[in-house]
Amino acid sequence: MHTMSNSPYVVGLTGGIGSGKSAAADRFGELGAAIVDTDAIAHALTAPGGLAIPAIRAAFGDALITPDGALDRKAMRDRAFADPNERRRLEAILHPAIGAESARQVSAARAPYVVLVVPLLVESGKYRERCDSLCVVDCPIDVQVGRVMTRSRLPEEQVRAIMATQASREQRLAAADEVIDNGGDLAALIAQVDRLHEKYLAAARALA
Ligand SMILES: CC(C)(COP(=O)(O)OP(=O)(O)OC[C@H]1O[C@@H](n2cnc3c(N)ncnc32)[C@H](O)[C@@H]1O)[C@@H](O)C(=O)NCCC(=O)NCCS
Ligand SMILES: Nc1ncnc2c1ncn2[C@@H]1O[C@H](COP(=O)(O)OP(=O)(O)OP(=O)(O)O)[C@@H](O)[C@H]1O
């Protein structure tokens, strides 16, 4: 909920793995919105020399760190989505840092409004109160699975295992203020983002 008059209007953008959050965020960014992407923040924290690397090394050992000092993403993915305890251990290290850094980026943003991209927005609960409006990117599950298999070269069972740890389509849709239907082609996605951009600009202006 919006409380401070000098904080920007914030649109939360979420969706299941491979639903099209990044594609939608790219278009919002082209139109002039500031993008704060928690996946990108998580990647930076776990890159070579990333701030979370010492804690991950201490918790999981050297086997999860690559020779150049980054998180070994494949090894961690295999662990985190096979064992909920391992996933929670990783999240306990990363989520506080992701929360703090995303809040910092939102308050530093200089744009008509901010799109805060959070894959686990509905699951985690703590981001909803930072958002003035919640936008869900939605597509049929089989389309989602197919796109992730193509993009990330992951086996179908692993994509479905990741999805099983996330909110259901129904849970996300129930929380949404706006829904982007990404079951069609990229042109259809862009047309919907363009319409929403006008709406968010007007909402941000009304708030200013
Ligand atoms: C397990 C890791 C190393 C796998 O890395 P990988 O490069 O394969 O995936 P990437 O980080 O690009 O995430 C891709 C997608 O996976 C899904 N995902 C990632 N983390 C989680 C999680 N903890 N629970 C459920 N789904 C997740 C999201 O849909 C996300 O968009 C990585 O996902 C990770 O560090 N996760 C913990 C941090 C986290 O919760 N990130 C989510 C954003 S806040
Ligand atoms: N409408 C579409 N038509 C065809 N391909 C699409 C469409 N939307 C997205 N894609 C492709 O599907 C894949 C997943 O999209 P994207 O990376 O935007 O999803 P995401 O929700 O950000 O995923 P993640 O949760 O894994 O970060 C990408 O390879 C993207 O190019």
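As the structure lists them, so they are numbered: ligands from 1, and atoms in each ligand from 1. Index from 1, following the sequence.
- Using a 4.0 Å cut-off between heavy atoms, V137 makes no contact with ligand 2 at all.
- Ligand 2 lies out of reach of P119, whose nearest heavy atom is not under 4.0 Å from it.
- Smallest separation of non-hydrogen atoms from V106 and L116: CG2-CD1, 4.2 Å.
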Report task. Take R88 and D83, measure what salt bridge (Lys or Arg N to Asp or Glu O under 4.0 Å) needs, and give me the verdict at the end. Result -> CA-CA 9 Å; R88 284 187 206 109; D83 182 344; over 6 Å; no
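- Taking a 4.0 Å cut-off on heavy atoms, C139 fails to register as neighbouring ligand 2.
- Here T165 has side-chain heavy atoms under 4.0 Å from ligand 1, and that is the only part of it that gets that close.
- Using a 30° and 60° split on the angle between ring planes, Y113 and F28 fall in the perpendicular class, above 60°.
- Not a single protein heavy atom sits closer than 4.0 Å to atom 30 (C) of ligand 2.
- The protein atom (non-hydrogen) at minimum distance from atom 19 (C) of ligand 1 is F81 CZ, 4.2 Å.
- On a distance-only criterion, Q166 and ligand 1 share at least one N/O pair closer than 3.5 Å.
- Distances between N or O atoms of L189 and those of ligand 2 include no value under 3.5 Å.
- Using a 4.0 angstrom heavy-atom cutoff, T46 does not count as in contact with ligand 1.
- For the residue pair D37 and Q105, no side-chain donor N or O sits within less than 3.5 Å of a side-chain acceptor on the partner.
- For the side chain to side chain contact (heavy atoms under 4.5 Å, CB included) test with V36, the passing option among V115, V10, V117, V114 is V114; the others fail.
- Among protein heavy atoms, the minimum distance from atom 8 (O) of ligand 1 is reached at R77 NH1, 2.7 Å.
- Note on I35: it clusters hydrophobically with L13, by side-chain heavy-atom contacts below 4.5 Å among ILVMFWY residues.
- Under the 4.0 Å distance rule, the nearest protein heavy atom to atom 16 (P) of ligand 2 falls inside the cut-off.
- From the protein, the heavy atom lying nearest to atom 6 (C) of ligand 2 is R147 NE, 3.6 Å.
- The protein heavy atom nearest to atom 18 (O) of ligand 2 is A23 N, 2.9 Å.
- Close approach of ligand 1 to P119 (heavy-atom distance below 4.0 Å) involves ligand atoms 28 (C), 29 (O), 31 (O), 43 (C).
- Counting only N and O atoms by type, the side chains of S19 and R172 include no donor and acceptor under 3.5 Å apart.
- Side-chain atoms of E178 and V11, non-hydrogen and from C-beta on, never get closer than 4.5 Å to each other.
- Short contacts between ligand 1 and L71, defined as distances under 4.0 Å to a heavy atom of the residue, involve ligand atoms 3 (C).
- When the side chains of ILVMFWY residues are joined at heavy-atom separations under 4.5 Å, either directly or via intervening members, L45 and F60 end up in a single hydrophobic cluster.
- In this structure a side-chain-to-backbone donor-acceptor pair under 3.5 Å is missing from Q171 to V122.
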Query raised in the report: After noting the C-alpha distance and the side-chain angles of R27 and E30, does the key distance pass the salt bridge (Lys or Arg N to Asp or Glu O under 4.0 Å) rule?
Result: CA-CA 5 Å; R27 182 61 180 172; E30 282 172 14; 2.7 Å; yes
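- If you look at V118 next to ligand 1, there are no close heavy atoms at all, none under 4.0 Å.
- Applying the 4.0 Å criterion to heavy atoms of M76 picks out, from ligand 1, the atoms 3 (C).
- A distance of 11.0 Å separates CG of L196 from CG of L201, quoted to the nearest 0.5 Å.
- Atom numbering of ligand 1 starts at 1 in the shown order; those under 4.0 Å from a heavy atom of L120 are 22 (C), 23 (N), 24 (N), 25 (C), 26 (N), 40 (O).
- Closest approach of T38 to Y127, counting heavy atoms only: CG2-OH, 4.1 Å.
- Residue I17 places no N or O, backbone or side chain, under 3.5 Å from any N or O of ligand 2.
- Considering only non-hydrogen protein atoms, atom 25 (O) of ligand 2 sits nearest to K21 NZ, 2.7 Å.
- When only non-hydrogen protein atoms are considered, atom 36 (N) of ligand 1 lies nearest to L90 CD2, 3.9 Å.
- Each of the atoms 35 (O), 37 (C), 38 (C) of ligand 1 lies under 4.0 Å from some heavy atom of L94.
- Here the protein heavy atom with the shortest distance to atom 27 (O) of ligand 2 is D39 OD2, 3.3 Å.
- Atoms of ligand 2 found under 4.0 Å from any heavy atom of D185 (numbered from 1 in listed order, with element): 1 (N).
- Of the protein's heavy atoms, I17 CD1, 3.6 Å lies nearest to atom 16 (O) of ligand 1.
- Side-chain contact between P140 and R169: present, with at least one pair of heavy atoms (C-beta onward) separated by less than 4.5 Å.
- Scanning all protein heavy atoms for the shortest distance to atom 9 (C) of ligand 2 gives N182 ND2, 3.8 Å.
- The shortest contact between atom 26 (O) of ligand 2 and any protein heavy atom is with R151 NH2, 2.7 Å.
- For atom 19 (O) of ligand 2, the nearest protein heavy atom (residue, atom name, distance) is G20 N, 3.1 Å.
- If you check which protein heavy atom lies closest to atom 43 (C) of ligand 1, you get D39 OD1, 3.4 Å.
- Closest protein heavy atom to atom 10 (P) of ligand 1: H43 NE2, 3.5 Å.
- Considering H95, E91, M163 only, the shortest heavy-atom separation from atom 40 (O) of ligand 1 involves H95.
- Protein heavy atom at the shortest distance from atom 11 (O) of ligand 1 is R73 NH2, 2.9 Å.
- No heavy atom of G15 sits closer than 4.0 Å to any atom of ligand 2.
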